[in-house]
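Count residues from 1 along the sequence.
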Amino acid sequence: MYVKNIWVSAQKGRIMLRVGMLTSGGDCQALNAAMRGVAKSLFSQCKNVEIYGFIDGYRGLIKGEYKLMKNDDFSGILNKGGTILGSSRMPFKYMGVPLEDGSDKVERMIKTYKKINLDCLVVLGGNGSHKTANLLMNNGLNVLTLPKTIDNDLAETEISFGFQSAVDIATNAIDCIHTTAASHSRVFIIELMGHKTGWLTLHAGIAGGADIILIPEIPYSIDSIAKAIARRTESGKRFTIIAAAEGAISDEEARLTKKELKQRRKIENYPSAAYRIGAQIEEKTGQEVRVTVPGHVQRGGAPVAYDRVLATRLGVKAAQLILNKEYGYMVGIKNNKIDKIPLSDVAGKTKMVDVDDELVQQARQLGICLGN
Ligand code: F6P
C-alpha cells in the first residue's frame, strides 16, 4: 500500500487527483511516450484522476487553453514523433514582459492552475522551460519536470529523451554522405543541431565515422582543419567528412565579445556555421566543399526504442512522485539510474561537453581531428 494520502484517498474515491501536463520549447522524439508513461501509470494506479493537457506549452497555461484527457488519448502514441499537445517557444527572458492586454504571464499561469484546482503540473521541456518551471515552483505551484531535448544539454541528468533518436538520424545523414563522398574528391560538411553544445555532433560524428568533428566547446583553428585535410589527401584519401555543430566557433571568434561576434556574423551573412566553415576551408585549402544541413529532420520521426524506454521510465517515475506528493523535482538519470533532482539544481545551468571527457580523448586517439 502507498503510504501517502493521495493514492489511498483517491482509491477510496474521496478525492480527485488533478494533474496538468504541457510540452514546451522545441519538440523532440519520445515526448508522447513520456506523457503516456505518466498518464497510464496514474490511470492504472489511481481511480479518480483527471489529466489536463495544455495546448502549445506554457502558452496554453497562460491563455487557459487546455483539454481534459482520457486514458484513450494516451493509446497508440508510444511510437509517434512530435507532441499530441503541441508546443511553442515562450522564452524565459520574456516571462516578465506583460501580455498585450497588460496582464502578467506568471500571474495568468498561476490563475489557470488554481482555476482547475491542479495538484501538480508536469512540464516536459529543455533548458528554458526548466527556468520557467522553477519560477512557477518558487511562486508556490507543485511542479515536476521531465528532461526532453535532442541537445542533451540539461544539467544534472546524464541523458534526456530525444537525444538518442536524433543521434541515429544524424548518423544516418553522415552515412549517406559517406557513399557520395567516396565517389568525389571533396570536403563534405554536415551541420548538426545541438544549440550551444556539441553532444549530438560528437556522438553522431563518432558513430558516422567523421574525420573531423567540430563542437562549440572546442574552438577550432582553420589551420588545424587544413592540416587534417592535407594529411588525408597525402595518405591517399579522396574525401574528408566534417561533422560540425551548429554552434561551432573558431578560436579567433571565441576571443571576441558577444557583441563583436554578433556584428561579425551580421557582416559575413552566412546562412549557418557550416557555410562559414566551408568558405574558410575553401579559401585556405582551395578544396571543393559541399555543405549538408539536415536541420529539423533530426527532431522528427518516430523515437528509437532506447528513447521510448527512457521516456517511459521517466514518466512512470514522475507518476510515482505525484502519488507520493513529492514535487519540485526533475526526473532524470544519474549513474545510470532514475533519480529525482531538485529543480533549483537544474534551472539556469547548461551541461556542456567536457573537453577532457573520455569520449573526446578516445576520438583523438582514433585520429579524429577535433579542430584544435
Ligand atoms: O533545442 C533543440 C533545437 O533543435 C536546437 O538543437 C536548435 O538549435 C533549436 O532547437 C532550433 O530551434 P527552432 O525549432 O525554434 O528553430
Side-chain angles (χ1 to χ4, degrees), residues 26 127 149-153 163 166-167 169-171 173-174 177 181 186-229 232 239-258 260-285 287 289-299 350-357 359-361 363-364 366-372:
N127 266 326
T149 169
I150 64 164
D151 303 337
N152 198 33
D153 60 351
F163 175 63
V167 168
I169 294 170
T171 302
I174 302 175
I177 292 296
R186 287 171 178 164
V187 174
F188 282 85
I189 308 179
I190 300 118
E191 178 183 302
L192 302 174
M193 280 186 165
H195 201 218
K196 291 181 179 153
T197 66
W199 295 102
L200 180 52
T201 304
L202 180 63
H203 282 250
I206 289 175
D211 309 300
I212 299 174
I213 297 177
L214 306 178
I215 60 174
E217 293 86 344
I218 306 177
Y220 65 85
S221 122
I222 201 68
D223 288 339
S224 302
I225 295 175
K227 275 185 199 148
I229 295 170
R232 281 185 60 80
F239 66 91
T240 298
I241 292 188
I242 303 178
E246 61 181 350
I249 183 168
S250 74
D251 46 9
E252 194 208 332
E253 290 162 342
R255 285 193 289 273
L256 300 177
T257 62
K258 242 180 169 182
E260 288 168 339
L261 185 61
K262 209 173 162 192
Q263 268 168 357
R264 181 189 277 208
R265 294 268 193 267
K266 212 171 160 190
I267 295 164
E268 288 172 341
N269 203 21
Y270 289 113
S272 65
Y275 291 93
R276 188 180 66 246
I277 299 165
Q280 291 167 347
I281 292 174
E282 274 186 344
E283 194 189 305
K284 187 89 194 165
T285 66
Q287 290 243 21
V289 176
R290 289 289 185 276
V291 168
T292 303
V293 184
H296 288 77
V297 167
Q298 293 161 94
R299 265 175 27 194
T350 303
K351 183 181 69 183
M352 309 292 287
V353 173
D354 178 355
V355 295
D356 297 320
D357 189 87
L359 195 57
V360 174
Q361 287 179 22
R364 290 192 199 282
L366 265 175
I368 297 172
C369 167
L370 271 293
N372 62 347

Show your reasoning for whether side chain to side chain donor-acceptor pair (under 3.5 Å) applies to Y220 and Q280. CA-CA 12 Å; Y220 65 85; Q280 291 167 347; 2.8 Å; yes
Could you check whether R232 makes a cation-pi contact with F239, meaning its NZ or CZ is under 6.0 Å from the centre of the six-membered ring and within 45° of the ring axis?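 Yes, a cation-pi geometry.
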Heavy-atom closest pair, residues [X] and [Y]:
{"X": "Q298", "Y": "I150", "result": "O-CG2, 4.2 Å"}
{"X": "I241", "Y": "A181", "result": "CD1-CB, 4.1 Å"}
{"X": "I189", "Y": "A244", "result": "CG2-CB, 3.9 Å"}
{"X": "I212", "Y": "A228", "result": "CD1-CB, 3.9 Å"}
{"X": "A363", "Y": "I206", "result": "CB-CD1, 4.1 Å"}
{"X": "S224", "Y": "C369", "result": "O-SG, 4.2 Å"}

If you define the side chain from C-beta out and look only at heavy atoms, does anything of [X] sit under 4.5 Å from [Y]?
{"X": "I242", "Y": "V289", "value": "no"}
{"X": "R276", "Y": "R264", "value": "no"}
{"X": "L200", "Y": "V167", "value": "yes"}
{"X": "I213", "Y": "T201", "value": "yes"}
{"X": "K262", "Y": "K266", "value": "no"}

Before giving the answer on side chain to side chain contact (heavy atoms under 4.5 Å, CB included), spell out for E252 and I222 the whole-Å C-alpha distance, their side-chain angles and the decisive distance to 0.1 Å. CA-CA 10 Å; E252 194 208 332; I222 201 68; over 6 Å; no
Between [atom1] on residue [X] and [atom2] on residue [Y], distance to nearest 0.5 Å:
{"X": "N152", "Y": "W199", "atom1": "CG", "atom2": "CH2", "value": "6.0 Å"}
{"X": "S221", "Y": "K227", "atom1": "OG", "atom2": "NZ", "value": "7.0 Å"}
{"X": "I169", "Y": "I174", "atom1": "CD1", "atom2": "CD1", "value": "12.5 Å"}
{"X": "L366", "Y": "D211", "atom1": "CG", "atom2": "CG", "value": "11.0 Å"}
{"X": "L370", "Y": "I218", "atom1": "CG", "atom2": "CD1", "value": "4.0 Å"}
{"X": "T292", "Y": "I177", "atom1": "OG1", "atom2": "CD1", "value": "3.5 Å"}

Check whether more than 12 heavy atoms from other residues, nucleotides or ligands sit under 6.0 Å from atom CD of E268, and answer yes or no. yes
Distance-only, no hydrogens or angles: does the [X] side chain make a donor-acceptor pair with backbone N or O of [Y] under 3.5 Å?
{"X": "E191", "Y": "V291", "value": "no"}
{"X": "E246", "Y": "A273", "value": "no"}
{"X": "Q287", "Y": "V187", "value": "no"}
{"X": "E217", "Y": "D354", "value": "no"}

Which of T149, D153, T197 passes side chain to side chain donor-acceptor pair (under 3.5 Å) with N127? Answer is D153
N-O pairing of D151 and K196 below 4.0 Å: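 Judged by the 4.0 Å cut-off on N to carboxylate O distance, D151 and K196 do not form a salt bridge.
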Could you walk me through whether D251 and N372 pass the side chain to side chain donor-acceptor pair (under 3.5 Å) test, one step at a time? CA-CA 8 Å; D251 46 9; N372 62 347; over 6 Å; no
